[in-house]
Asker: 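One structure coming up, written as C-alpha coordinates, with questions to follow.
In what follows, every chain begins at residue 1, and chains take the letters A, B, ... in the order their sequences are listed.
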Protein chains: 2
Amino acid sequence: MAIEIQLGLKPLSEDTCKSLLYTAGEVFAEYGFRAATVREICRRANVNVASINYHFGGKEELYAQVLEHAFRTAAEKYPFDTAGIGPPEKRLEEFITNFMRGCLGCGQAAWHGKLMAREMIDPTGVLTRIVERAIRPRKKILTGIVTEILGEGFSDEEIERCVFSIIGQCVFYSHAKPVIIVINPSIKYDDSWITRTAGHITDFSLAAIRLMARRKRR
Amino acid sequence: MAIEIQLGLKPLSEDTCKSLLYTAGEVFAEYGFRAATVREICRRANVNVASINYHFGGKEELYAQVLEHAFRTAAEKYPFDTAGIGPPEKRLEEFITNFMRGCLGCGQAAWHGKLMAREMIDPTGVLTRIVERAIRPRKKILTGIVTEILGEGFSDEEIERCVFSIIGQCVFYSHAKPVIIVINPSIKYDDSWITRTAGHITDFSLAAIRLMARRKRR
DNA sequence: AAGAGTATCAAACGCATGTTTGAATGTCAA
DNA sequence: TTGACATTCAAACATGCGTTTGATACTCTT
(Lines give C-alpha, C1' and ligand atoms only; values in the text may rest on other atoms or scores of the structure.)
Protein backbone atom coordinates (compact mmCIF):
# COMPACT_ATOMS: atom_id res chain seq x y z
CA MET A 1 0.00 0.00 0.00
CA ALA A 2 1.02 3.60 0.48
CA ILE A 3 4.67 3.07 1.21
CA GLU A 4 6.28 5.79 -0.87
CA ILE A 5 3.91 8.61 -0.02
CA GLN A 6 5.44 9.57 3.30
CA LEU A 7 7.03 12.66 1.75
CA GLY A 8 9.16 13.37 4.71
CA LEU A 9 8.05 13.09 8.28
CA LYS A 10 7.30 10.23 10.64
CA PRO A 11 7.99 6.55 10.21
CA LEU A 12 4.99 6.29 7.88
CA SER A 13 2.43 5.16 10.41
CA GLU A 14 2.43 5.78 14.09
CA ASP A 15 -1.13 4.46 13.98
CA THR A 16 -0.27 0.82 13.41
CA CYS A 17 -1.88 0.31 16.80
CA LYS A 18 -5.18 1.86 15.73
CA SER A 19 -5.21 -0.07 12.51
CA LEU A 20 -4.55 -3.31 14.38
CA LEU A 21 -7.20 -2.56 16.97
CA TYR A 22 -9.78 -1.89 14.28
CA THR A 23 -8.91 -4.84 12.08
CA ALA A 24 -8.66 -7.19 15.05
CA GLY A 25 -12.16 -6.18 16.13
CA GLU A 26 -13.40 -7.03 12.68
CA VAL A 27 -11.67 -10.41 12.50
CA PHE A 28 -12.43 -11.44 16.08
CA ALA A 29 -16.09 -10.60 15.58
CA GLU A 30 -16.11 -12.62 12.39
CA TYR A 31 -14.25 -15.74 13.54
CA GLY A 32 -14.08 -15.63 17.33
CA PHE A 33 -10.94 -15.49 19.40
CA ARG A 34 -9.68 -18.98 18.78
CA ALA A 35 -10.41 -19.29 15.09
CA ALA A 36 -9.06 -15.85 14.26
CA THR A 37 -5.37 -15.90 13.38
CA VAL A 38 -2.84 -13.16 13.95
CA ARG A 39 -1.63 -13.64 10.40
CA GLU A 40 -5.09 -12.88 9.02
CA ILE A 41 -5.42 -9.80 11.21
CA CYS A 42 -2.02 -8.52 10.14
CA ARG A 43 -2.68 -9.28 6.50
CA ARG A 44 -5.90 -7.22 6.53
CA ALA A 45 -4.22 -4.44 8.47
CA ASN A 46 -1.21 -4.45 6.12
CA VAL A 47 1.25 -4.74 8.96
CA ASN A 48 3.94 -7.23 9.86
CA VAL A 49 3.02 -10.28 11.93
CA ALA A 50 5.42 -9.22 14.65
CA SER A 51 3.50 -5.98 15.18
CA ILE A 52 0.89 -7.56 17.42
CA ASN A 53 3.49 -8.82 19.83
CA TYR A 54 5.47 -5.61 19.62
CA HIS A 55 2.56 -3.28 20.30
CA PHE A 56 0.25 -5.45 22.40
CA GLY A 57 2.37 -8.25 23.78
CA GLY A 58 0.35 -11.03 22.24
CA LYS A 59 -2.90 -12.17 20.74
CA GLU A 60 -4.68 -12.45 24.07
CA GLU A 61 -3.84 -8.94 25.20
CA LEU A 62 -4.89 -7.57 21.81
CA TYR A 63 -8.22 -9.34 22.25
CA ALA A 64 -8.66 -7.85 25.70
CA GLN A 65 -8.00 -4.34 24.38
CA VAL A 66 -10.36 -4.88 21.45
CA LEU A 67 -13.12 -5.77 23.90
CA GLU A 68 -12.28 -2.80 26.07
CA HIS A 69 -12.52 -0.54 23.05
CA ALA A 70 -15.75 -2.19 21.91
CA PHE A 71 -17.31 -1.60 25.32
CA ARG A 72 -16.68 2.10 25.15
CA THR A 73 -17.92 2.67 21.61
CA ALA A 74 -20.99 0.48 22.10
CA ALA A 75 -21.89 2.26 25.31
CA GLU A 76 -21.93 5.57 23.44
CA LYS A 77 -23.77 4.27 20.42
CA TYR A 78 -26.49 2.13 21.97
CA PRO A 79 -27.36 3.51 25.37
CA PHE A 80 -29.31 0.96 27.33
CA ASP A 81 -29.81 3.16 30.32
CA THR A 82 -32.86 5.04 29.11
CA ALA A 83 -34.10 4.25 32.57
CA GLY A 84 -37.40 5.58 33.72
CA ILE A 85 -38.18 7.57 30.61
CA GLY A 86 -41.56 6.66 29.22
CA PRO A 87 -43.79 3.67 29.94
CA PRO A 88 -42.05 0.32 30.53
CA GLU A 89 -43.64 -1.19 27.40
CA LYS A 90 -42.00 1.46 25.27
CA ARG A 91 -38.69 0.98 27.01
CA LEU A 92 -38.93 -2.76 26.50
CA GLU A 93 -39.26 -2.31 22.76
CA GLU A 94 -36.34 0.10 22.73
CA PHE A 95 -34.21 -2.29 24.72
CA ILE A 96 -34.95 -5.23 22.46
CA THR A 97 -34.42 -3.22 19.29
CA ASN A 98 -31.10 -1.83 20.46
CA PHE A 99 -30.01 -5.22 21.69
CA MET A 100 -30.76 -6.89 18.37
CA ARG A 101 -29.13 -4.11 16.42
CA GLY A 102 -26.04 -4.65 18.53
CA CYS A 103 -26.04 -8.37 17.83
CA LEU A 104 -27.00 -8.43 14.19
CA GLY A 105 -26.17 -5.02 12.76
CA CYS A 106 -23.31 -4.33 10.43
CA GLY A 107 -20.12 -2.42 10.87
CA GLN A 108 -18.09 -1.52 13.89
CA ALA A 109 -21.13 -0.87 16.04
CA ALA A 110 -22.12 -4.54 15.90
CA TRP A 111 -18.71 -5.93 16.84
CA HIS A 112 -19.55 -5.52 20.46
CA GLY A 113 -22.61 -7.74 20.22
CA LYS A 114 -20.90 -10.28 18.06
CA LEU A 115 -17.92 -10.49 20.36
CA MET A 116 -20.25 -10.93 23.34
CA ALA A 117 -22.17 -13.63 21.53
CA ARG A 118 -18.89 -15.41 20.80
CA GLU A 119 -17.83 -15.14 24.43
CA MET A 120 -21.15 -16.57 25.60
CA ILE A 121 -20.72 -19.67 23.53
CA ASP A 122 -17.01 -20.23 23.69
CA PRO A 123 -15.69 -18.26 26.64
CA THR A 124 -12.10 -17.10 27.00
CA GLY A 125 -10.45 -15.78 30.11
CA VAL A 126 -12.17 -12.43 29.84
CA LEU A 127 -15.72 -13.80 30.18
CA THR A 128 -16.03 -12.77 33.82
CA ARG A 129 -14.97 -9.24 32.97
CA ILE A 130 -17.50 -9.08 30.15
CA VAL A 131 -20.28 -10.29 32.39
CA GLU A 132 -19.62 -7.71 35.05
CA ARG A 133 -18.93 -4.93 32.60
CA ALA A 134 -21.57 -5.43 29.92
CA ILE A 135 -24.01 -8.22 30.61
CA ARG A 136 -24.96 -7.77 34.24
CA PRO A 137 -25.73 -4.05 33.93
CA ARG A 138 -28.01 -4.72 30.97
CA LYS A 139 -29.70 -7.58 32.71
CA LYS A 140 -30.38 -5.24 35.58
CA ILE A 141 -32.03 -2.71 33.30
CA LEU A 142 -34.17 -5.35 31.60
CA THR A 143 -35.07 -6.82 34.97
CA GLY A 144 -36.26 -3.40 36.06
CA ILE A 145 -38.48 -3.03 33.02
CA VAL A 146 -39.95 -6.51 33.42
CA THR A 147 -40.54 -6.01 37.13
CA GLU A 148 -42.36 -2.79 36.42
CA ILE A 149 -44.72 -4.49 33.98
CA LEU A 150 -45.22 -7.56 36.14
CA GLY A 151 -46.07 -5.64 39.27
CA GLU A 152 -45.82 -6.97 42.80
CA GLY A 153 -45.69 -10.50 44.07
CA PHE A 154 -43.16 -12.22 41.86
CA SER A 155 -40.07 -14.02 43.03
CA ASP A 156 -36.63 -13.19 41.68
CA GLU A 157 -36.63 -16.56 39.98
CA GLU A 158 -39.86 -15.89 38.12
CA ILE A 159 -38.63 -12.50 36.99
CA GLU A 160 -35.30 -13.91 35.91
CA ARG A 161 -37.03 -16.58 33.84
CA CYS A 162 -38.94 -13.86 31.97
CA VAL A 163 -35.73 -11.93 31.38
CA PHE A 164 -34.04 -15.04 30.02
CA SER A 165 -37.03 -15.73 27.81
CA ILE A 166 -36.73 -12.28 26.25
CA ILE A 167 -32.96 -12.41 25.80
CA GLY A 168 -33.18 -15.97 24.50
CA GLN A 169 -35.49 -14.89 21.72
CA CYS A 170 -33.11 -12.09 20.77
CA VAL A 171 -29.82 -13.94 20.77
CA PHE A 172 -31.33 -16.90 18.95
CA TYR A 173 -31.16 -15.04 15.67
CA SER A 174 -27.52 -14.31 16.32
CA HIS A 175 -26.40 -17.66 17.70
CA ALA A 176 -28.33 -19.84 15.29
CA LYS A 177 -27.76 -17.66 12.26
CA PRO A 178 -26.03 -20.34 10.17
CA VAL A 179 -28.93 -22.71 10.71
CA ILE A 180 -31.57 -20.09 10.05
CA ILE A 181 -29.91 -19.25 6.77
CA VAL A 182 -30.25 -22.87 5.72
CA ILE A 183 -33.77 -23.29 7.12
CA ASN A 184 -35.14 -20.13 5.59
CA PRO A 185 -32.82 -18.49 3.07
CA SER A 186 -35.33 -15.75 2.33
CA ILE A 187 -34.64 -13.91 5.59
CA LYS A 188 -32.59 -10.76 5.03
CA TYR A 189 -30.91 -9.46 8.13
CA ASP A 190 -31.33 -5.81 7.21
CA ASP A 191 -32.42 -2.99 9.45
CA SER A 192 -36.06 -3.21 8.48
CA TRP A 193 -36.12 -6.90 9.31
CA ILE A 194 -34.44 -6.26 12.66
CA THR A 195 -37.05 -3.65 13.54
CA ARG A 196 -39.93 -5.95 12.65
CA THR A 197 -38.45 -8.91 14.48
CA ALA A 198 -37.79 -6.79 17.54
CA GLY A 199 -41.43 -5.76 17.34
CA HIS A 200 -42.56 -9.36 17.28
CA ILE A 201 -40.38 -10.30 20.25
CA THR A 202 -41.74 -7.33 22.16
CA ASP A 203 -45.37 -8.25 21.43
CA PHE A 204 -44.74 -11.92 22.17
CA SER A 205 -43.05 -11.18 25.48
CA LEU A 206 -45.46 -8.44 26.53
CA ALA A 207 -48.39 -10.78 26.02
CA ALA A 208 -46.79 -13.38 28.25
CA ILE A 209 -45.74 -10.97 30.96
CA ARG A 210 -49.09 -9.20 31.06
CA LEU A 211 -50.95 -12.46 31.40
CA MET A 212 -48.71 -13.43 34.30
CA ALA A 213 -49.40 -10.08 35.91
CA ARG A 214 -53.15 -10.39 35.37
CA ARG A 215 -53.30 -13.87 36.86
CA LYS A 216 -51.40 -12.79 39.93
CA ARG A 217 -53.72 -9.83 40.55
CA ARG A 218 -56.74 -12.05 40.88
CA MET B 1 -4.30 -51.00 30.16
CA ALA B 2 -5.36 -54.64 29.91
CA ILE B 3 -2.71 -55.78 27.49
CA GLU B 4 -1.72 -59.09 29.00
CA ILE B 5 -5.14 -60.33 29.92
CA GLN B 6 -6.10 -61.59 26.50
CA LEU B 7 -5.61 -65.20 27.63
CA GLY B 8 -5.95 -66.63 24.20
CA LEU B 9 -8.54 -65.55 21.70
CA LYS B 10 -9.05 -62.45 19.58
CA PRO B 11 -6.70 -59.50 19.22
CA LEU B 12 -7.85 -58.16 22.60
CA SER B 13 -10.50 -55.77 21.36
CA GLU B 14 -12.41 -55.94 18.17
CA ASP B 15 -14.56 -53.18 19.60
CA THR B 16 -12.04 -50.39 19.28
CA CYS B 17 -14.51 -48.91 16.83
CA LYS B 18 -17.35 -48.84 19.35
CA SER B 19 -15.13 -47.42 22.01
CA LEU B 20 -13.95 -44.70 19.66
CA LEU B 21 -17.46 -43.91 18.52
CA TYR B 22 -18.66 -43.56 22.09
CA THR B 23 -15.70 -41.55 23.35
CA ALA B 24 -15.71 -39.32 20.27
CA GLY B 25 -19.36 -38.50 20.90
CA GLU B 26 -18.48 -37.48 24.41
CA VAL B 27 -15.53 -35.33 23.42
CA PHE B 28 -17.18 -33.73 20.39
CA ALA B 29 -20.22 -32.85 22.49
CA GLU B 30 -17.97 -31.33 25.10
CA TYR B 31 -15.60 -29.32 22.91
CA GLY B 32 -17.13 -29.15 19.43
CA PHE B 33 -15.60 -30.52 16.27
CA ARG B 34 -12.76 -28.07 15.88
CA ALA B 35 -11.63 -27.79 19.49
CA ALA B 36 -11.78 -31.54 20.09
CA THR B 37 -8.49 -33.27 19.30
CA VAL B 38 -8.00 -36.81 18.07
CA ARG B 39 -5.31 -37.26 20.66
CA GLU B 40 -7.75 -36.48 23.49
CA ILE B 41 -10.34 -38.84 22.06
CA CYS B 42 -7.81 -41.64 21.75
CA ARG B 43 -6.41 -40.98 25.20
CA ARG B 44 -9.88 -41.31 26.79
CA ALA B 45 -10.64 -44.38 24.69
CA ASN B 46 -7.29 -45.96 25.53
CA VAL B 47 -6.43 -46.58 21.93
CA ASN B 48 -3.58 -45.53 19.69
CA VAL B 49 -3.81 -42.22 17.83
CA ALA B 50 -3.57 -44.03 14.52
CA SER B 51 -6.76 -45.96 15.24
CA ILE B 52 -9.07 -43.18 14.11
CA ASN B 53 -7.49 -43.05 10.70
CA TYR B 54 -7.29 -46.81 10.47
CA HIS B 55 -10.92 -47.46 11.38
CA PHE B 56 -12.66 -44.30 10.16
CA GLY B 57 -10.33 -42.71 7.68
CA GLY B 58 -9.97 -39.44 9.55
CA LYS B 59 -11.37 -37.05 12.13
CA GLU B 60 -14.04 -35.68 9.84
CA GLU B 61 -15.46 -39.07 8.89
CA LEU B 62 -15.47 -40.09 12.56
CA TYR B 63 -17.46 -36.96 13.34
CA ALA B 64 -19.95 -37.75 10.61
CA GLN B 65 -20.46 -41.25 11.96
CA VAL B 66 -20.82 -39.98 15.51
CA LEU B 67 -23.61 -37.68 14.35
CA GLU B 68 -25.24 -40.49 12.40
CA HIS B 69 -25.17 -42.66 15.49
CA ALA B 70 -26.45 -39.82 17.68
CA PHE B 71 -29.39 -39.28 15.32
CA ARG B 72 -30.53 -42.85 15.63
CA THR B 73 -30.25 -43.12 19.41
CA ALA B 74 -31.87 -39.72 19.99
CA ALA B 75 -34.74 -40.57 17.68
CA GLU B 76 -35.49 -43.66 19.76
CA LYS B 77 -35.04 -41.97 23.08
CA TYR B 78 -36.86 -38.69 22.58
CA PRO B 79 -39.58 -39.15 20.03
CA PHE B 80 -40.78 -35.80 18.81
CA ASP B 81 -43.45 -37.20 16.59
CA THR B 82 -46.18 -37.59 19.18
CA ALA B 83 -48.21 -35.92 16.51
CA GLY B 84 -51.88 -35.49 16.99
CA ILE B 85 -52.11 -37.23 20.35
CA GLY B 86 -53.76 -35.03 22.91
CA PRO B 87 -54.42 -31.29 22.88
CA PRO B 88 -51.78 -29.07 21.26
CA GLU B 89 -51.02 -27.34 24.56
CA LYS B 90 -50.05 -30.65 26.08
CA ARG B 91 -47.96 -31.56 23.04
CA LEU B 92 -46.22 -28.21 23.21
CA GLU B 93 -45.11 -28.84 26.76
CA GLU B 94 -43.91 -32.32 25.83
CA PHE B 95 -42.01 -30.97 22.86
CA ILE B 96 -40.29 -28.27 24.89
CA THR B 97 -39.45 -30.63 27.74
CA ASN B 98 -37.98 -33.24 25.44
CA PHE B 99 -36.10 -30.62 23.50
CA MET B 100 -34.52 -29.16 26.63
CA ARG B 101 -33.68 -32.57 27.98
CA GLY B 102 -31.93 -33.29 24.72
CA CYS B 103 -29.92 -30.06 24.93
CA LEU B 104 -29.12 -29.95 28.63
CA GLY B 105 -29.43 -33.48 29.93
CA CYS B 106 -26.51 -35.63 30.93
CA GLY B 107 -25.03 -38.72 29.40
CA GLN B 108 -25.16 -40.12 25.93
CA ALA B 109 -28.77 -39.08 25.37
CA ALA B 110 -27.80 -35.41 25.46
CA TRP B 111 -24.91 -35.66 23.01
CA HIS B 112 -27.27 -35.24 20.16
CA GLY B 113 -28.57 -31.92 21.40
CA LYS B 114 -25.14 -30.67 22.33
CA LEU B 115 -23.71 -31.64 18.98
CA MET B 116 -26.56 -29.86 17.24
CA ALA B 117 -26.06 -26.78 19.38
CA ARG B 118 -22.39 -26.78 18.47
CA GLU B 119 -23.21 -27.21 14.82
CA MET B 120 -25.63 -24.27 14.96
CA ILE B 121 -23.00 -21.95 16.29
CA ASP B 122 -19.92 -23.14 14.48
CA PRO B 123 -21.06 -25.16 11.49
CA THR B 124 -18.95 -27.79 9.77
CA GLY B 125 -19.60 -29.37 6.42
CA VAL B 126 -22.36 -31.58 7.81
CA LEU B 127 -24.63 -28.70 8.83
CA THR B 128 -26.88 -29.09 5.82
CA ARG B 129 -27.29 -32.78 6.54
CA ILE B 130 -28.15 -32.05 10.16
CA VAL B 131 -30.71 -29.46 9.20
CA GLU B 132 -32.52 -31.77 6.81
CA ARG B 133 -32.20 -34.79 9.03
CA ALA B 134 -32.89 -33.44 12.50
CA ILE B 135 -33.80 -29.78 12.60
CA ARG B 136 -36.30 -29.34 9.80
CA PRO B 137 -38.46 -32.32 10.83
CA ARG B 138 -38.69 -31.00 14.35
CA LYS B 139 -39.41 -27.51 13.20
CA LYS B 140 -42.25 -28.95 11.15
CA ILE B 141 -43.74 -30.68 14.19
CA LEU B 142 -43.48 -27.56 16.33
CA THR B 143 -44.91 -25.47 13.52
CA GLY B 144 -47.88 -27.84 13.42
CA ILE B 145 -48.51 -27.47 17.12
CA VAL B 146 -48.23 -23.68 17.02
CA THR B 147 -50.50 -23.46 13.97
CA GLU B 148 -53.09 -25.55 15.74
CA ILE B 149 -53.11 -23.23 18.73
CA LEU B 150 -53.04 -20.06 16.67
CA GLY B 151 -55.88 -21.03 14.42
CA GLU B 152 -56.58 -19.60 10.99
CA GLY B 153 -55.41 -16.41 9.40
CA PHE B 154 -51.69 -16.25 10.15
CA SER B 155 -48.95 -15.95 7.61
CA ASP B 156 -46.06 -18.40 7.44
CA GLU B 157 -43.81 -15.61 8.59
CA GLU B 158 -45.87 -14.92 11.72
CA ILE B 159 -45.98 -18.60 12.58
CA GLU B 160 -42.26 -19.01 12.01
CA ARG B 161 -41.54 -16.08 14.29
CA CYS B 162 -43.47 -17.81 17.07
CA VAL B 163 -41.60 -21.05 16.47
CA PHE B 164 -38.28 -19.21 16.63
CA SER B 165 -39.38 -17.47 19.81
CA ILE B 166 -40.05 -20.82 21.46
CA ILE B 167 -36.86 -22.48 20.27
CA GLY B 168 -34.87 -19.40 21.14
CA GLN B 169 -35.99 -19.58 24.73
CA CYS B 170 -34.99 -23.25 24.89
CA VAL B 171 -31.56 -23.11 23.30
CA PHE B 172 -30.63 -20.00 25.23
CA TYR B 173 -29.97 -22.09 28.33
CA SER B 174 -27.73 -24.34 26.28
CA HIS B 175 -25.92 -21.73 24.20
CA ALA B 176 -25.40 -19.19 26.94
CA LYS B 177 -24.68 -21.70 29.68
CA PRO B 178 -21.20 -20.36 30.51
CA VAL B 179 -22.62 -16.88 30.99
CA ILE B 180 -25.60 -18.06 32.99
CA ILE B 181 -23.31 -19.91 35.35
CA VAL B 182 -21.46 -16.67 36.04
CA ILE B 183 -24.61 -14.54 36.21
CA ASN B 184 -26.49 -16.86 38.53
CA PRO B 185 -24.38 -19.64 39.98
CA SER B 186 -27.26 -20.98 42.02
CA ILE B 187 -28.97 -22.57 39.00
CA LYS B 188 -28.56 -26.33 38.97
CA TYR B 189 -29.14 -27.93 35.62
CA ASP B 190 -30.76 -31.07 37.03
CA ASP B 191 -33.85 -32.82 35.77
CA SER B 192 -36.18 -31.06 38.17
CA TRP B 193 -34.90 -27.68 37.04
CA ILE B 194 -35.27 -28.65 33.38
CA THR B 195 -38.88 -29.66 33.97
CA ARG B 196 -39.72 -26.42 35.75
CA THR B 197 -37.96 -24.29 33.16
CA ALA B 198 -39.72 -26.12 30.34
CA GLY B 199 -42.95 -25.41 32.17
CA HIS B 200 -42.16 -21.71 32.33
CA ILE B 201 -41.27 -21.55 28.64
CA THR B 202 -44.51 -23.35 27.81
CA ASP B 203 -46.61 -20.96 29.90
CA PHE B 204 -44.77 -17.94 28.57
CA SER B 205 -45.17 -19.01 24.95
CA LEU B 206 -48.75 -20.20 25.33
CA ALA B 207 -49.77 -16.86 26.76
CA ALA B 208 -48.26 -15.05 23.82
CA ILE B 209 -49.68 -17.38 21.17
CA ARG B 210 -53.16 -17.39 22.69
CA LEU B 211 -53.25 -13.63 22.81
CA MET B 212 -52.29 -13.48 19.16
CA ALA B 213 -55.06 -15.96 18.37
CA ARG B 214 -57.64 -14.03 20.39
CA ARG B 215 -56.76 -10.72 18.75
CA LYS B 216 -57.03 -12.20 15.29
CA ARG B 217 -60.48 -13.65 15.98
CA ARG B 218 -62.00 -10.30 16.76
C1' DA C 1 4.25 -75.16 10.23
C1' DA C 2 3.70 -71.38 7.00
C1' DG C 3 1.78 -67.54 4.94
C1' DA C 4 -1.96 -64.12 4.39
C1' DG C 5 -4.63 -60.86 6.56
C1' DT C 6 -5.93 -57.75 10.46
C1' DA C 7 -5.04 -54.73 14.23
C1' DT C 8 -2.02 -52.12 17.15
C1' DC C 9 1.78 -49.23 18.25
C1' DA C 10 5.66 -45.68 18.72
C1' DA C 11 7.62 -42.65 15.91
C1' DA C 12 7.85 -39.46 12.47
C1' DC C 13 5.84 -36.25 8.91
C1' DG C 14 3.81 -32.01 7.11
C1' DC C 15 1.44 -28.13 8.20
C1' DA C 16 -0.49 -24.06 10.67
C1' DT C 17 -0.29 -21.57 14.66
C1' DG C 18 1.56 -17.77 18.11
C1' DT C 19 5.84 -16.00 19.15
C1' DT C 20 10.77 -14.51 18.98
C1' DT C 21 14.87 -12.88 16.77
C1' DG C 22 18.26 -9.86 14.77
C1' DA C 23 19.03 -6.91 11.19
C1' DA C 24 17.50 -2.76 8.76
C1' DT C 25 15.41 1.78 8.72
C1' DG C 26 13.99 6.13 10.33
C1' DT C 27 13.61 9.90 14.11
C1' DC C 28 15.35 13.04 17.10
C1' DA C 29 18.04 15.14 20.75
C1' DA C 30 22.91 16.20 21.89
C1' DT D 1 27.36 14.08 12.70
C1' DT D 2 26.54 10.96 16.07
C1' DG D 3 24.34 7.77 19.07
C1' DA D 4 20.19 6.26 21.47
C1' DC D 5 15.65 4.99 20.67
C1' DA D 6 11.45 3.35 18.28
C1' DT D 7 9.49 0.83 14.61
C1' DT D 8 9.27 -2.44 10.81
C1' DC D 9 10.46 -6.58 8.53
C1' DA D 10 11.66 -11.38 6.76
C1' DA D 11 12.99 -15.29 8.68
C1' DA D 12 13.21 -18.64 12.00
C1' DC D 13 11.42 -20.97 16.19
C1' DA D 14 8.54 -23.94 19.25
C1' DT D 15 4.36 -26.15 19.73
C1' DG D 16 0.25 -28.71 18.73
C1' DC D 17 -2.48 -30.53 15.27
C1' DG D 18 -4.23 -34.46 11.87
C1' DT D 19 -2.16 -37.88 9.46
C1' DT D 20 1.15 -41.45 7.68
C1' DT D 21 4.55 -44.98 8.16
C1' DG D 22 6.86 -49.30 8.96
C1' DA D 23 7.49 -52.61 12.36
C1' DT D 24 5.29 -55.86 15.40
C1' DA D 25 1.94 -59.13 17.22
C1' DC D 26 -1.90 -61.76 16.63
C1' DT D 27 -5.50 -64.92 14.32
C1' DC D 28 -6.98 -67.88 10.98
C1' DT D 29 -6.74 -70.71 6.82
C1' DT D 30 -4.06 -74.03 4.24
Asker: If I take atom CG in residue B:Asn48 and atom P in nucleotide D:dA23, what distance separates them, rounded to the nearest angstrom?
Answerer: 16 Å
Asker: Bend across the helix from C:dA1-D:dT30 to C:dA30-D:dT1, to 10°, with axes taken over 5 pairs at each end?
Answerer: 20°
Asker: By side-chain hydrogen bond (donor to acceptor under 3.5 Å, both in side chains), which residues pair with A:His200, not counting sequence neighbours?
Answerer: B:Ser165
Asker: Is any side-chain nitrogen or oxygen of A:Thr16 closer than 4.0 Å to OP1 or OP2 of D:dT8?
Answerer: yes
Asker: Within residues 25-41 of chain A, which residues have any heavy atom lying less than 4.0 Å from an atom of DNA chain D?
Answerer: A:Arg39
Asker: Without decimals, in angstroms, what is the distance between B:Leu62 CG and D:dT19 C1'?
Answerer: 14 Å
Asker: Residues in side-chain contact (heavy atoms from CB on, under 4.5 Å) with B:Ser205, at least two apart?
Answerer: A:Phe204, B:Ile166, B:Gln169, B:Ile201
Asker: Can you tell me the distance, in whole Å, between the CG atom of B:Asp15 and the P atom of C:dT6?
Answerer: 18 Å
Asker: By side-chain hydrogen bond (donor to acceptor under 3.5 Å, both in side chains), which residues pair with A:Tyr173, not counting sequence neighbours?
Answerer: none
Asker: Whole angstroms only, please: what is the NE2-P distance between B:His55 and C:dT6?
Answerer: 12 Å
Asker: With the side chain counted from C-beta on, respond yes when B:His69 and B:Thr73 share a heavy-atom pair under 4.5 Å apart, and no when they do not.
Answerer: yes
Asker: Using 4.0 Å as the upper bound for N to carboxylate O, is an ion pair formed by B:Arg43 and B:Glu40?
Answerer: yes
Asker: Mind calculating the distance between OH (B:Tyr54) and C1' (D:dG18) to the nearest angstrom?
Answerer: 19 Å
Asker: What is the distance, rounded to the nearest whole Å, between atom CZ of A:Phe56 and atom P of D:dT8?
Answerer: 11 Å
Asker: With A:Lys139, which residues qualify under salt bridge (Lys or Arg N to Asp or Glu O under 4.0 Å), at least two apart?
Answerer: A:Glu160
Asker: Separation of B:Asn53 atom CG from D:dT19 atom C1', in whole Å?
Answerer: 5 Å
Asker: Mind checking salt bridge (Lys or Arg N to Asp or Glu O under 4.0 Å) for A:Asp190 and listing every partner two or more places apart, or none if nothing turns up?
Answerer: none
Asker: Tell me which nucleotide among D:dG18, C:dA7, D:dT8 gets nearest to the side chain of B:Lys59.
Answerer: D:dG18
Asker: Could you state the CD1-P distance from A:Ile52 to D:dC9, rounded to the nearest angstrom?
Answerer: 13 Å
Asker: Below 3.5 Å, can you tabulate the donor-acceptor pairs from side chains in residues 24-33 of chain A to any protein atom, sequence neighbours excluded?
Answerer:
unit_1, atom_1, unit_2, atom_2, d
A:Glu26, OE1, A:Arg44, NH1, 3.1
A:Glu30, OE1, A:Arg44, NH1, 3.3
A:Glu30, OE1, A:Arg44, NH2, 3.3

Asker: Taking side-chain hydrogen bond (donor to acceptor under 3.5 Å, both in side chains) as the test, write out the residues that go with A:Glu157, two or more places apart.
Answerer: A:Arg161, B:Arg196
